Amino acid sequence: MLDKRYDHLLVEKDRYKEWVDKGYFKGGQDKSKPPFSLVIPPPNVTGKLHLGHAMDTIPDDIVARYKRMKGYDVVWVPGVDHAGIATQAKVEERLRKQGISRYDLGREKFLEIAYQWKEEYAATIHRQWASLGLSVDYSRERFTLDEGLQKAVKRVFVTLYNEGLIYRGERIINWDPELRTALSNIEVVHSDDEGEFFYFSYPVEGMDPLIVATTRPETMFGDAAVFVNPKDPRFKDYVGKMCVNPANGEKLPIMADRYVDISFGTGAMKCTPSHDPNDFNLAKKYGLPFKTILDETAHMTADCGKYAGMDRYECRKALVADIRSKGLLVKIEKIVHSVGHSERSGAVVEPMLSKQWFVKMRPLAEAVLKMMESKDKIHFHPTRFEKVLVRWMKEADDWCVSRQLWWGHRIPAYYDKETGEVLVSETEPDMNKYVQDEDVLDTWFSSALWPFATLGWPEKTPDFERYFPTSLLVTGYDIIFFWVSRMVFQSLHFTKEVPFRDVLIHGLVRDPQGKKMSKSAGNGVDPMDIIAKYGVDALRYYITTSSSPGLDMRYNEEKIAAARSYLNKIWNAARYVEMTIGEGFEPKPLSRRGLSTLDRAILSKLARLIRKVESKMERYEFGAASSALYSFVYDDFCGDYLEMSKVILLAGGEEAEKTKNVLYHVLMSIVKMIYPYAPFVSEEIYLSLPGHLESLNVETYPSLPRSYVDYESEKKAGILRAMIRDVRNYKSENSLEPNAKVILHVAPSFPFKGIDAFLSRFLFASKVAEGTPEKKATSFAYPGGYELFIEEEIDKAELKKRLMGEREHLLSEVARGKKILSNEGFLKKAPKEKVELEKAKLLDNESKLSSVENRLSSLD
RNA sequence: GGGUGUUUAGCUCAGUGGGAGAGCGCUUCCUUCACACGGAAGAGGUCACAGGUUCGAAACCUGUAACACCCACCA
């Protein structure tokens, strides 16, 4: 027997371990079942789990549990991501607190410490998966740096290199001077920062000086020219002349190119080939010299005269002061401009000319675009995110994949110690002759292989054959570029298949004000706190049902409390059913034979509900599925059926036994349908019920044949329910006590077995008579022409007022019905059922109206 | 500069052509033997605005406004 109250701490205790130990989550145990596979979005080994992880994994878990019940062989591969930059930054930060830099330790020792870090955090992540109740298959767990992934990464790198899709080149890249590594374009986040726009005077022999504006004076040491637009009349005579760089006195050619925007700044632009991507292009075009004037920590190089060794901002300040003292500073304007910051360190990114490895994107991207136009395309939910992928694939520049870090997949490129010739190879060459590239790969390079590499690729393993492509990926819209797109093109290129058939995109959890949750803002919520307070089932329910797919949600603790109340409701309904059916109850198979109208009605609703919930679950519409179940639980099951069935149960006899069986089966169905959302509490209820298997984890999804759908019984039960509500409302409006005795009449005879008993129990009817009463009485009309009369002396004025209001409402309803039914367009074009429905409604409303009018006239 | 989303009850949000819904909050009443994490009965919305399509629009189309987000090399 269940306790009076649902206590999530008791319910969740030790349960997960038991499930794992019993092997319920292990895939591949029955290969006669159709496969269904997922991979977890591997969390970074950088810290604690947050609500974003819950958003990533709980929908996966709901689908996995649902699919198991539907008879699939589910494999859900778990794992963690080494998260190159992020982890290295954290490890370095920890070391720094001990006064150690990574350079003090050296590569090998540093990696040892990083691996320790990984073990530490992987353990935390495991505990948190357990707290969330994720039904992942631990026998298939992977890590983005494990042996298999290393093999896959090498295979991919070497193959792409041999195909000419990976190359090493000198280009302007985004440099993070804090972490001292190159970054890809999407690892740079732009923000509108306040800055200064400096106008300097560049002397020109025999002419007025040229005024050039810049936000970055310190880069003037790397300038190679000044550009103007060829169509700009102001500078017609300047082109071809030389001007003097006020920073160092060097002469710079004045050149013309259409790239220059006439209306921006002064119309004259300085060109710094090594520190600006556009200037780089111009310099290439015109053969200008490249001079690097910033080092890897963004300090000025030896080429910068007395400023050598200064930090870039220090130099800017000093240089501007010096130019001012020479009288060459014209003015300084405040400006808000877009500045790139490192996603990880926050440092202002420095565009630098640097030799890095790149993945050539065009051919890979084209394959994605082609796939997304074919009938075998990947289906995104919601579909609009397909556009996000497509747009990014259309625009993507070559991907800089080398990182000047230690924590990651080392690039399998080797350089001949004598000739410097490069050798790219999966196997290590003679290391006496060669030295390996120092750099590692972008973390996303290995994450991109996750769906197929975790299943065994490049080997043709049984898992790979059976479970790839995976069925579903769940992730946030914020990493479509970083992760989803890269998995797609790598998978298409190397397996010739999509990595997953469906992608379910979720939004972000924001704080109650709608702000992004972040550590620095201190507005984050620890899922572990929620779980401790409300239980993980309530969290799971909340996360998956309180928002629409793809939209952000605001964290709302009240809704978590509401979710817990809901689970408590189910818990108590179960408790009641257990008490009612009693010890030793043996469930029998359901049969419609000999069932009461009430039983038929609830089973009819259940049959329809199961179909609806299933169709929503199949489309990953958890909100819609759960709200259908929710209203069934509250309104139909607890509100109506449980209460009304008490009448039958009290009467006892064979009918009562049948009702007990129905109670049991309906409850079981509810428990099974809520199970994917709330596995812990449903397991507890399930195991306390008779006729259970060893665990809900091995149960099948409920089903009821269509023959159980019985609208006639639903309608009758609905009328009874309406009668009860009407009389209660009548008492309330007429200031009668809810248990005030009334005499009721129903006419004509309502074919509902034991109606007297129902009405006397719920309405405190002292007598239920058939036929129209002799005395004047208030009446209510119902579909099918049934009327209910209440005998009770009440305030005539009040009654009249109420009836007038009701008449008004009915008149408008009748008018509306007549209008729509006299509308030829409607009669012709609307679906037949709709027309019939309207006709029936009109008839009902007319009969109600005439009843109300009779009552009114009898009052006068 | 380009793109996407949002605008529905006091608050947070569902609702993809056929009489406006949920949770919380609010009003009145009720500890009756499943549940006060509860029950009964209620109040509360020109569905942002303006046009259009349709027999019928919160929903579809076109514009407008406000807010949010993404992308982009304007020095």
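Chain A is the first sequence line, chain B the second, and so forth, proteins listed ahead of strands; every chain is numbered from 1. Treat the numbers as computed from the prediction; the structure is a model and nothing was measured.
Within 4.0 Å (heavy atoms only), C271(A) reaches no atom of the nucleic acid at all. Residue K4(A) is in sugar-phosphate contact alone, with no base atom involved, counting any heavy-atom pair closer than 4.0 Å across all strands shown. Across all strands, P351(A) comes closer than 4.0 Å to no nucleic acid atom at all (heavy-atom distances). Contacts of S565(A) with the nucleic acid, taken as non-hydrogen atoms under 4.0 Å apart, include base atoms. Residue contacts shown for L567(A) are absent, as no nucleic acid heavy atom lies under 4.0 Å away. Counting non-hydrogen atoms under 4.0 angstrom, Y630(A) reaches the backbone sugars and phosphates but no base. Among the protein residues, A562(A) comes within range of the sugar-phosphate backbone only, with heavy atoms under 4.0 Å from sugar or phosphate atoms but none that close to a base. Within the nucleic acid shown, Y634(A) comes within 4.0 Å of sugar-phosphate atoms alone, with no base atom in reach, counting heavy atoms only. Among the protein residues, V260(A) comes within range of the nucleic acid bases, having at least one heavy atom under 4.0 Å from a base atom. Among the heavy atoms of the strands lying under 4.0 Å from Y259(A) is at least one base atom, whether or not backbone atoms are also near. As judged by a 4.0 angstrom heavy-atom cut-off over every strand, T580(A) is placed among residues making no nucleic acid contact. The residue N556(A) sits close only to the backbone: its heavy atoms come under 4.0 Å of sugar-phosphate atoms, none of a base. Heavy atoms of E578(A) sit nowhere under 4.0 angstrom from any nucleic acid atom. R216(A) comes within 4.0 angstrom of no nucleic acid atom, judged by non-hydrogen atoms across all strands.
You'll find a donor-acceptor pair under 3.5 Å spanning the side chain of K569(A) and the base of C35(B), going by distance alone. Side-chain N/O atoms of E643(A) and base N/O atoms of A34(B) include a donor-acceptor pair closer than 3.5 Å.
A salt bridge does not link R575(A) to E578(A): none of the charged side-chain nitrogens sits closer than 4.0 Å to a carboxylate oxygen. Contact check on E643(A) versus R721(A) returns no salt bridge, with no Lys/Arg side-chain nitrogen under 4.0 Å from an Asp/Glu carboxylate oxygen.
Between the CG atom of D635(A) and the C1' atom of G38(B) there is a distance of 15 Å, rounded to whole Å. As a whole-Å value, the separation of D552(A) CG from U6(B) C1' is 10 Å. Look at CZ on R721(A): it is 12 Å from P on G39(B), rounded to the nearest Å. Rounded to whole Å, the distance from OH on Y566(A) to C1' on G39(B) is 18 Å. Between the NZ atom of K515(A) and the P atom of C67(B) there is a distance of 16 Å, given to the nearest Å. Distance I560(A) CD1 to C13(B) P: 14 Å, rounded to the nearest Å. Regarding L551(A), its CG atom lies at a distance of 11 Å from the C1' atom of A68(B), rounded to whole Å.
Taking the ring centroids of F197(A) and F264(A), they lie under the 6.0 Å cut-off.
Under 3.5 Å, the side chains of Y6(A) and E684(A) contain no donor-acceptor pair of N or O atoms.
The 5' end of RNA chain B is approached more closely, in terms of each residue's nearest nucleotide, by N823(A) than by the other of N823(A) and T266(A). In terms of position along RNA chain B, the nucleotide closest to R564(A) lies nearer the 5' end than the nucleotide closest to the other residue of the pair R564(A) and L827(A).
Applying the ring pair (Phe, Tyr, Trp, His ring centres under 6.0 Å) test between Y630(A) and each of Y566(A), Y677(A), F637(A), F622(A) identifies Y566(A) as the sole match.
The listed nucleotides are U4(B), C24(B), G42(B); the one nearest the side chain of N729(A) is G42(B). Which of G3(B), A34(B), U12(B) sits closest to the side chain of A573(A) comes down to A34(B).
The aromatic rings of F227(A) and Y286(A) are tilted relative to each other, their planes meeting at an angle between 30° and 60°.
Only the P atoms considered, U7(B) is 15 Å distant from A58(B), to the nearest whole Å.
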Determine, step by step, whether R316(A) and E196(A) satisfy the salt bridge (charged side-chain N to carboxylate O under 4.0 Å, His left out) criterion, reporting the C-alpha distance in whole Å, the side-chain angles of both residues, the deciding distance to 0.1 Å, and the verdict.
CA-CA 11 Å; R316(A) 180 183 298 177; E196(A) 287 168 316; 6.0 Å; no
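Base pairing analysis places G5(B) opposite C67(B); the two distances defining the Watson-Crick or G-U wobble pair are each below 3.5 Å. C73(B) is unpaired under the criterion used here, namely a Watson-Crick or G-U wobble arrangement in which both key atom distances are under 3.5 Å.
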